[in-house]
Number of protein chains: 2
Amino acid sequence: MPPPPAARAKVLRAFAELLVESGERAATLEAVADRAGVSKGGLLYHFPSKDALVDGVLDHLSALTSADVETMRAAPEGAADYLLRTSTVIDGEFGVVYLAVSRLAQGPYPRARDVLDEAQAAWTQTVREELGDPVLSRAVSLMGEGLYALASFGATGLGDREIDDLLVLVRDVAAARATTARPRA
Amino acid sequence: MPPPPAARAKVLRAFAELLVESGERAATLEAVADRAGVSKGGLLYHFPSKDALVDGVLDHLSALTSADVETMRAAPEGAADYLLRTSTVIDGEFGVVYLAVSRLAQGPYPRARDVLDEAQAAWTQTVREELGDPVLSRAVSLMGEGLYALASFGATGLGDREIDDLLVLVRDVAAARATTARPRA
DNA sequence: GTCTATAATCAGATAGAC
DNA sequence: GTCTATCTGATTATAGAC
């Protein structure tokens, strides 16, 4: 097949960035077109309506999530480590698109909620395969979600040091819970 | 002083509910007025502009946060318990207003971010006073934020059972970290 | 495949009656 | 203190040229 038009990808990226940086309200067709470097008419050629544009990012996140879960599963540092560290990265492609969809999920787009729900379930499941303990896995997954939430409104974010500390805690607890009788060897 | 007009409070409540249920875009002056049972003109008497309405919820959250932290500090079940349990309640007054502001924080309202930041800091600090351990306190605080985030887009929420499990985990870890040498008695 | 121009709709805000 | 009516500007979407 012929290479997909570059304009399409640029429009999707611009839409996601605007949603994250300035919110749903600011992500108008005109603003998206401007940032993508096309005209409003040009945008509407690729995405005939705003709903079509929304569907575009939703599909994009679905694809990215599948790839992300594979990477997470294969990560040498482990799934929990991978999850918490990437949950503070909101300027990578995945972070931007994930946060963009979590903004859409607040509006009248029920499918956005479904896509997020699936991502959340896949992460929790993958962490659980690694840690074994379901409660601890849920805790890690919740922390990841909390990190995204904080980062998304530019709160006084956590640095690498703080994430390191959390991961040490998680590993200690995992070890303690694995050896049932006498924790911490 | 005379009793504050009931319409003002009803408008604020309606605005917060609409923000949470349907997003920033749906929370128009007309929609807010309708839900509050007043006309657009009536609304604009109490809040002369949309910015004034936004300032209204922000101030409201500030007041509610101070009260919430006091309640948390005095909670017989403990601060961590109180935080995680109330983080799944998004239909109480505090939950609605907190989530409403976290939505405003995504738009062009820098003060919303400040107010949320303060709430976050106050919670983490209060939990830390109870648990002692700063890393564990941060973990609990992040879980609370994650629970709010999940609840806010109506994800497959966690039930009371799951919260109970998490709290048992937190208490175990707190106990283990308190007795430095030999965890868990 | 991308543009300009424009129609239709909707949001925010003002004026003035009651 | 609350209402109706109205204006202005922004936003989505369409039509048709290039």
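Reminder, nothing fancy here: chain letters follow the sequence lines and each chain counts from 1. These numbers come from the heavy atoms of this one structure, side chains and all, not from hydrogens, waters or symmetry mates. Quantities reported herein were computed from a predicted structural model and do not represent experimental measurements.
Note that OG1 of Thr88(A) and CG of Asp160(A) are 7.0 Å apart. Values are rounded to the nearest 0.5 Å. Rounding to the nearest 0.5 Å places CG of Leu99(B) at 9.5 Å from CG of Leu116(B).
For the residue pair Ser141(A) and Gln120(A), a side-chain donor N or O sits within less than 3.5 Å of a side-chain acceptor on the partner.
Under the 4.5 Å side-chain heavy-atom criterion for Ile, Leu, Val, Met, Phe, Trp and Tyr, Tyr45(B) and Leu12(B) are members of distinct hydrophobic clusters.
Among the atoms of the strands shown, only primed sugar atoms or phosphate atoms (P, OP1, OP2) are found under 4.0 Å from some heavy atom of Thr28(B).
Of the charged side-chain nitrogens involved, none lies within less than 4.0 Å of a carboxylate oxygen, so that Asp117(A) and Arg113(A) do not count as a salt-bridged pair. Checked for salt-bridge contact, Arg138(A) and Asp133(A) miss the test: no charged N lies under 4.0 Å from a carboxylate O.
Proximity of residues 14-25 of chain B to DNA chain D (heavy atom under 4.0 angstrom from any strand atom) is restricted to Arg25(B).
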Can you give me the N/O atom pairs linking the protein to nucleotides 13-15 of chain C at distances under 3.5 Å, or say none if there are none?
from	atom 1	to	atom 2	distance (Å)
dA13(C)	OP2	Lys50(B)	N	2.9
dA13(C)	N6	Lys40(B)	NZ	3.4

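In this structure, the CD atom of Glu30(A) is 16 Å from the C1' atom of dT9(C), given to the nearest Å.
A donor-acceptor pair under 3.5 Å is absent between the side-chain atoms of Arg73(B) and the main chain of Thr126(B), judged by distance alone. Judged by distance alone, the side chain of Glu130(B) and the main-chain N or O of Ala80(B) form a donor-acceptor pair under 3.5 Å. Using a distance-only test at 3.5 Å, with no hydrogens or angles considered, a donor-acceptor pair links the side chain of Glu162(B) to the main chain of Gly159(B).
Note that the first and last nucleotides of DNA chain D, 5' to 3', having any atom under 4.0 angstrom from a heavy atom of chain A are dT11(D) to dT14(D).
The minimum heavy-atom distance linking Ala27(B) with Leu19(B) is given by the pair CB-CD2, 3.9 Å.
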